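Notes to accompany the following structure.
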Amino acid sequence: MSTAAVIELRTAPHLHSGLSVEEIMRNVVYALLPLCAYSVWLFGLSALLSMVTAVAACVLTEHLICVASKRPTTIGDWSVVITGLLLALTLPPGFPLWMVVLGSFIAVGPAKMLFGGLGFNAFNPALVGRAFLQAAFPVAITSYTPALALHRFTSFIPSTFAIPLLKAEPLTAWIAQVRVDAFSGATPLVMQKFDHVTTDTWTLFLGTRAGSAGETSALLIALCGAYLVLRRMMDWRIPVAMLLGAALTGMAYHLASPALYPGPGFVLFSGGLMLGATFMATDPVASPTTPLGLWIYGLLMGLITVVIRFQGGLAEGVMYAILLGNALSPLIDRLTQPRIYGAQAKEAAR
Amino acid sequence: MSDPQPIPSCCGTAPPAPGGSNPFVNGLWKQNPVFVQVLGMCPTLAITNSVRNALAMGLATTFVLASSNTLISMVRKLVPKQVRIATYIAIIATSVTVVDYLVKAASISVYKALGPFIPLIVANCIILERAEGFASKKPVFASLLDGLGMGLGFAFALTCLGSVREILGAGTFLGVPLFGSHFEPWVLFLLPPGGFISLALWLVTFTTFRQIKARRAARAAAAAAETVPAGQLVEVRS
C-alpha cells in the first residue's frame, strides 16, 4: 500500500454523502440541548436531574446489554443519548427518579435492544418507555407542576425523590407555596378538556406554561427542528405533514362546534405535538422511506392525535398517535413503492 | 395430537423426550403445559391478575384433568374411534360442570372473579390434548398421575404469573399488603399487557434455565468423551 498506486474495487454506492450515523445522532443531541436548557430554566433542578438520570440509565442499560450479549458496545453512536433525552423531555419535570430509571430500562432494553439495536427498533424507543410509564403509573405521569415556580434553582420538586416502589406525596401543598400566579400546574390541554379554559396562543408559542419538561416552547422546538432540516439530517415532510394533519382535523372540529373545540393554533402549540412531530415521529428507523409514504404517515398521525384529544379519555394523544404511525409504517412503505421503470404495471403494484 | 410433542420453535431448545419418565413429574416440570408446551394461553393470560384467582383456576383445572383422564382411560377400549372426541368432550364437560358447582359452593367471590372462565375450562386445549395424547392409550393409574401432574404444573405456572402480577400490580400477595399503604401500584400489571409481559418474563427465565441445564449436560458428555483412550479420539469441533 505504501508506494504503488492501488486501484480500489468496490461495489455501489460509490459516492458517500459524508454523513455517518454517529454524526447525525450527535447533531440531533445538539438540537435537543437548547430545549433541555430552556426546560431547566422553566422547571429548575428537578428537570435537570431527571434528564441526567434518564440519559445515564439509558446509556448504562445499552452498555450492559451489549456486554451481556458479548457484542461490542454500541453506546458510541449517540442514539441512546437521544432516547434518554427524549424520554426525560416527555415526562413531567417532577417525575419520580425511580420511575425515570424504570422507563429508561424499558425504552432501551425491550423496545430497542431486544429488537436488535439501532436500525431494527420498530417503534420509537423513548415513546415505548413513556407508554409503559403511562400505563403503569397514570397518576404520577399526569402530576404536572407550574412553570417558573419560586425557588426552582435552589430546591427540588418533592416528588423527584420519591422512595422506589412507593407513592410520591401529592404536590398540591407544595404548588401552593411556590407558585407565582394563579396557575395550579394543570397543562393547557387538561384545562381546555376538563375546565374549558383555553390558554392564550402566544403563551403556548413561547412556552411559559406547565407541561412535560421539554414540550412547552413551540418556537424553540421549531428552531431546533429547522437546524436539523437545514443540515439535511431530518426529513421536513414528516413534521410538516403531521402538523398539517393536526391543524386540518382541529379546524374541522372547530368549524363544526367553535364553542366546544379550540382553534388550530391551540391544537398545534399545546401538548407535545410540536415535540413529537419534530423529534419523535421523525425517528429514521420507525418511519416510512418513500416521499409519498412520509406524507401519509404524517397526516395520519396528526389526525389520530387530534381525534384522541377531542374524543378520547386522555388529554393528550401524540404518544399513541406516533406509536400507531410506527406500527403502520411498513405497510405504508409497501403501498407507496414507486413503479419500477420498465417493469409491468401489475408487478410494480405488487 | 399424538404423545406429547416437542412444541414448534417458540423456545430455543426442544423439550426433553418424555419416554420412560414418571408421568407426574413429566407434567409438573418437564412438559409443563404453560412454560414448555405453551398451551392454555387464554386462562393463563386472562385470570392471573391475582394469586387467589390463579390458584383457584389451577386447582379447578387439575380436578377436571385428573377426573377426565381417569374416566377416559377407563373407557378407552369401549369407545369406537369415530366418536371418541365427542365422548371425551362429554366426559370433560361433566367434570367441568361438577367443578363449576364446587367453586360456587366453596366461595361466591372466587366464582364471580373467575366468571366465564370456569365453564371455559372445557375448551382448554391442555385437557383434550391429555385425553387424546395420553389417557386414551395408557392405563388408568398412569392417566390419573398424568392428569394430576399436568394440572398441578398448570396451577404452578398460573401461580407464578399471578404472583408477579399481584405483587407489582397491587403490592399484595394473596391479599396481604407487602409494602405498606404507600405502595405505588404498577397498574399496567393488572391490565392485559401485564399478563403478556409477565408470561414473557417467566418464559425467558425457564428457557434460560433449560438451556443452561442442556449446556451443562453437553459439557459433561464432552468430559466423558475425553476420558476415551487417545487412539480413539475424534475431532468433534471443526
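This structure is a prediction, so every number in the text was calculated from the model and none was measured. Sequence lines set the chain letters: A, B, ... in the order given, protein chains first and strands last, and positions in each chain run from 1.
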Query raised in the report: How long is the gap from CG on B/L188 to CD1 on A/I106, to the nearest 0.5 Å?
Result: 8.5 Å

**Report entry** Proximal component of B/L168, with respect to chain A [non-hydrogen, under 4.5 Å]
**Finding:** neither

Report summary line: So, the part of A/L102 with a heavy atom under 4.5 Å from chain B: the answer is side chain

Report summary line: Those residues at least two apart in sequence (or on a different chain) that pass side chain to side chain contact (heavy atoms under 4.5 Å, CB included) with A/L60 are A/L64

Report task. Under 4.5 Å heavy-atom distance to chain A, tell me which part of B/P185 shows up: side chain, backbone, both or neither. Result -> both

Query - More than 12 heavy atoms of other groups within 6.0 Å of B/L201 CG - result: yes

Report task. Quick one: closest heavy-atom pair of B/V187 and A/P138, and the distance? Result -> CG2-CD, 3.8 Å

Which donor-acceptor pairs lie under 3.5 Å between chain B and chain A?
residue, atom, partner, partner atom, Å
B/H182, O, A/K167, N, 2.6
B/F183, O, A/K167, NZ, 3.2
B/E184, N, A/L165, O, 2.9
B/V187, N, A/A136, O, 2.9
B/L188, N, A/A135, O, 3.3

Requested in this report: State, to 0.1 Å, how close A/L165 and B/F179 come at their nearest heavy-atom pair, and which atoms those are.
Outcome: CD1-CE2, 4.0 Å

Query raised in the report: Is it true that atom CZ of B/F196 has more than 12 heavy atoms of other residues, nucleotides or ligands lying nearer than 6.0 Å?
Result: no

